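Worksheet: one structure, shown below.
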Amino acid sequence: MPDPVDAVEMRTALAGLRRASGLPVAFGGLLSDARHARIAELDGARTGALRGLVISAGSGLGGKAIALARPCAVTDYPTSRHISHEYDTAVAAEGLRSVVAVPVVVRRTVRGVLYGALRTPVSLGDRTSDAAVAAARDVEQALAVRDEVRELLALTREQAAAGPGTAPGAWEDVREAHRELRALAPRVADPALRDELLAICGRLASASGARATPAAAMEVRLAPREVDVVACVAAGATNAAAARQLGLRPETVKGYLRSAMRKLGAHTRLEAVVAARRAGLLP
């Protein structure tokens, strides 16, 4: 069953592809295994002929793009001698002629394929190719962030439950995971996954309960970005490094840190980290 998050990412990318390229039709899907992709999302299609089509690596235009892990295009799909024609019936039903297919590659692994198409046989220019590649990269980046988030969530659930009794080395891993998760949170488009991520961050922070006091926690209220910055500082990051990790400007990071220090009653970066931990804001 398709992941609803996958569907959102794919629909967004296909809509962006049509806007950027002017192509009337865009469609695509993610791989279900190493060699097969299922066309799950259509944008601009007149029929449902392409929906649910399973594309095998090496077969048709999309299968060629999957096998080669690079973009492929044809000027006239029905008559092209550079691809196999297993999917001609569905392509003909939609009336497609000029088609470009771009693989979605995450960590050197093909994870999906996006198509853009015209209903007339004309050569697709650089603008079209660039738009298709950009759309595929959008999906790639979204999947990469999601993969990283899910890996971190899986690694930290047990650590969060273990609490401060965890071995010192493992506890440092908890702190590093907390920082990475907070840095990733703003880049997660799916609200449910982002909420789960932030909930895990809260559990990681509250796992340091032996160092936190209810009074301190009630007295301190930091904005989410202030917590993000202090978490980076706790990991030894400079303002410039924190800016790169959080996608902010160094001046913005400096402002958040100054505000957090004021709220925490701290005069130095180290005091801010210690106070945040005492308040249960950091693990």
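As the structure is a prediction and not an experimental result, all values here were calculated from the model.
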Treating S98 as the side-chain partner and L124 as the backbone partner, does any N or O pair qualify as donor plus acceptor under 3.5 Å? no
Please answer whether the main-chain N or O of H36 pairs with a side-chain N or O of D33 as donor and acceptor at a distance below 3.5 Å. yes
Identify whether I55 and F27 are in the same connected component of the hydrophobic contact network (ILVMFWY, side-chain heavy atoms under 4.5 Å). yes
Which heavy-atom pair separates P250 from A243 by the least distance, and what is that distance? N-CB, 3.7 Å
If the condition is side chain to side chain donor-acceptor pair (under 3.5 Å), which residues does E94 pass it with, not counting sequence neighbours? T47, R119
Is a side-chain donor or acceptor of T252 paired with a backbone partner of L248 at a separation under 3.5 angstrom? no
Output yes when a side-chain donor or acceptor of R127 lies under 3.5 Å from a complementary backbone atom of A20, and no otherwise. yes
Transitive ILVMFWY side-chain link L198 to L181, under 4.5 Å: yes
Same cluster for L50 and L118 if Ile/Leu/Val/Met/Phe/Trp/Tyr side chains link at under 4.5 Å? no
So, do Y115 and V100 sit near enough that their side-chain heavy atoms are less than 4.5 Å apart? no
Backbone N/O of L282 and side chain of R277: donor-acceptor pair under 3.5 Å: no
Working to the nearest 0.5 angstrom, can you tell me the gap between R97 CZ and T75 OG1? 11.0 Å
Verify side-chain contact (heavy atoms from CB on, under 4.5 Å) between R38 and L53, making sure each step is shown before the conclusion. CA-CA 6 Å; R38 179 180 178 275; L53 203 63; over 6 Å; no
In this structure, SG of C72 is separated from NZ of K64 (nearest 0.5 Å) by 5.0 Å
Of all the heavy-atom pairs spanning A266 and A272, show the shortest one and how long it is. CB-N, 3.4 Å
How long is the gap from CD on E41 to CZ on R51, to the nearest 0.5 Å? 6.5 Å
Measure the acute angle between the ring planes of H85 and Y77, then classify it against the limits of 30° and 60° as parallel, tilted or perpendicular. perpendicular
Looking only at heavy atoms, the pair that brings V230 and A260 closest together is CG2-CB, 3.7 Å
Indicate, with yes or no, if V25 and V102 share a hydrophobic cluster defined by side-chain heavy-atom contacts under 4.5 Å among Ile, Leu, Val, Met, Phe, Trp and Tyr. no
V229-L264 co-clustered via ILVMFWY side chain contacts under 4.5 Å: yes
Could you grab the distance from atom OG of S123 to atom CG of D76, nearest 0.5 Å is fine? 12.0 Å
Between S84 (side chain) and E86 (backbone), is there a donor-acceptor pair under 3.5 Å? no
Is a side-chain N or O of R182 found less than 3.5 angstrom from the main chain of P224, in a donor-acceptor match? yes
Nearest 0.5 Å please: distance from the CG atom of L17 over to the CG atom of D130. 11.5 Å
Can you find a pair of side-chain heavy atoms, one from V113 and one from L31, that are under 4.5 Å apart? no
Taking all non-hydrogen atoms of both residues, which atom of G62 and which atom of A101 are closest, and how far apart? CA-CB, 3.9 Å
How close do A67 and G58 get, heavy atom to heavy atom, and via which atoms? CB-N, 3.8 Å
What's the spacing between T268 OG1 and M261 CE if we round to 0.5 Å? 6.0 Å
So V91 and P78, do their side chains get closer than 4.5 Å, heavy atoms only? no
Between L14 and T12, is there a side-chain heavy-atom distance shorter than 4.5 Å? no
Looking at A49 and A93, what are the two nearest heavy atoms and their distance? CB-CB, 3.6 Å
Are a donor atom and an acceptor atom from the side chains of R249 and N239 found within less than 3.5 Å of each other? no
Are more than 12 heavy atoms, taken from residues, nucleotides or ligands other than D126, located less than 6.0 Å from that residue's CG atom? no
Donor-acceptor contact below 3.5 Å, side chain S56 vs main chain S59: no
Does the side chain of Q245 reach to within under 4.5 Å of the side chain of E180, using non-hydrogen atoms? no
side-chain contact (heavy atoms from CB on, under 4.5 Å) between V104 and L143, intermediate numbers included: CA-CA 9 Å; V104 175; L143 292 178; 4.1 Å; yes
Can you tell if the side chain of I83 reaches within under 4.5 Å of the side chain of S80, non-hydrogen atoms only? yes
Quick test of your reading of the model: are R111 and E140 salt-bridged, counting only N-O distances below 4.0 Å? no
Under the criterion side chain to side chain contact (heavy atoms under 4.5 Å, CB included), which of R18, M10, R19, R11 is the partner of D43? R18
K263, NZ atom: more than 12 neighbouring heavy atoms under 6.0 Å: yes
Pairing of R225 and D228 as salt bridge, 4.0 angstrom limit: yes
